[in-house]
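Just so it is clear, the values below take in all heavy atoms, side chains as well, and ignore hydrogens, waters and symmetry mates.
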Amino acid sequence: MSDAGEDVVDLLGDEYVRVILAETREEPKSVDALSDACDADPSTIYRRVERLEAAGLLTDQQRLDPGGHHYKEYDATLEAVHVHVGAEGYDIDVEYTEEEEPADRFTRLYEGFK
């Protein structure tokens, strides 16, 4: 089993992590929105988000609110985790969502700043 697989399994043992990944699966969410979904303090969510980003399971996107302030929204990159058990032990495969094309990312970011 790879260290990355072990890290993902360790992270998935945390209920807040599971909620964050589920909430950010379909659309990016801010820490405030994730805090509400998890019924947890934003500081707790920031710690989980940092761990998820370090493991490559979340990406962030800079947003601009109507008042001119910047904030981040987070998007899950985890597609699936497969655990294979065999006579010699087990192996974990982690699947990530497909990477966004640079031109599509630029367009999405530009549209977000309009």
Q.
Are Y16 and L12 connected into the same hydrophobic cluster when the rule is that any two of I, L, V, M, F, W, Y join if their side-chain heavy atoms are below 4.5 Å apart?
A. no

**Q.** Contact check, side chains of Y71 and V31, non-hydrogen atoms, under 4.5 Å
**A.** no

Q. Quick one: are H70 and D65 in side-chain contact, heavy atoms under 4.5 Å?
A. no

Q | Value rounded to 0.5 Å, distance of OH in Y74 from OG1 in T59 | A | 10.0 Å

(Q) Using the rule given for side-chain contact (heavy atoms from CB on, under 4.5 Å), can you reason through E79 versus R25, listing the C-alpha separation, both sets of side-chain angles and the distance that settles it, and then say yes or no? (A) CA-CA 9 Å; E79 182 72 29; R25 178 82 177 106; 3.2 Å; yes

Q: Would you please name every residue forming a salt bridge (charged side-chain N to carboxylate O under 4.0 Å, His left out) with D93, sequence neighbours left out?
A: none

Q. Are the side chains of Q61 and K72 in touch, meaning some heavy atoms are under 4.5 Å apart?
A. no

Q. Looking at CZ of R51 and CG of L11, how far apart are the two atoms once the value is rounded to the nearest 0.5 Å?
A. 4.5 Å

Q: For the residue pair L34 and V19, establish whether any side-chain heavy-atom pair is separated by less than 4.5 Å.
A: no

Q. Does some side-chain heavy atom of L58 sit less than 4.5 Å from a side-chain heavy atom of T77?
A. no

Q | Residues in side-chain hydrogen bond (donor to acceptor under 3.5 Å, both in side chains) contact with E95, at least two apart in sequence or another chain | A | H82

Q: Report yes if some heavy atom in the side chain of I92 is under 4.5 Å from a heavy atom in the side chain of V8; otherwise report no.
A: no

(Q) Just verifying a value: how many Å separate E27 CD and E73 CD, rounded to the nearest 0.5 Å? (A) 8.0 Å

Q. Do you know which two heavy atoms are closest between T24 and D75, and how far apart they sit?
A. O-OD1, 3.1 Å

Q) Hey, are the side chains of R48 and D14 touching, using non-hydrogen atoms and a 4.5 Å cut-off? A) yes

Q: Check side chain to side chain contact (heavy atoms under 4.5 Å, CB included) between A33 and all other residues, then give those that pass, not counting sequence neighbours.
A: K29, S30

Q) salt bridge (charged side-chain N to carboxylate O under 4.0 Å, His left out) with E53: which residues, sequence neighbours excluded? A) none

Q. Counting only heavy atoms not in E15, do more than 12 fall under 6.0 Å of its CD?
A. no

What donor-acceptor contacts under 3.5 angstrom involve side-chain atoms of residues 35-47, with partners at least two apart or in another chain?
unit_1: S35; atom_1: OG; unit_2: A40; atom_2: O; d: 2.3
unit_1: T44; atom_1: OG1; unit_2: R47; atom_2: NH2; d: 3.3

Q: Give the C-alpha distance, both sets of side-chain angles, the deciding distance and a yes or no for side-chain contact (heavy atoms from CB on, under 4.5 Å) between L52 and V17.
A: CA-CA 8 Å; L52 287 164; V17 164; 3.7 Å; yes

Q: With sequence neighbours left out, write down each residue that passes side-chain hydrogen bond (donor to acceptor under 3.5 Å, both in side chains) with R18, or none if nothing qualifies.
A: none

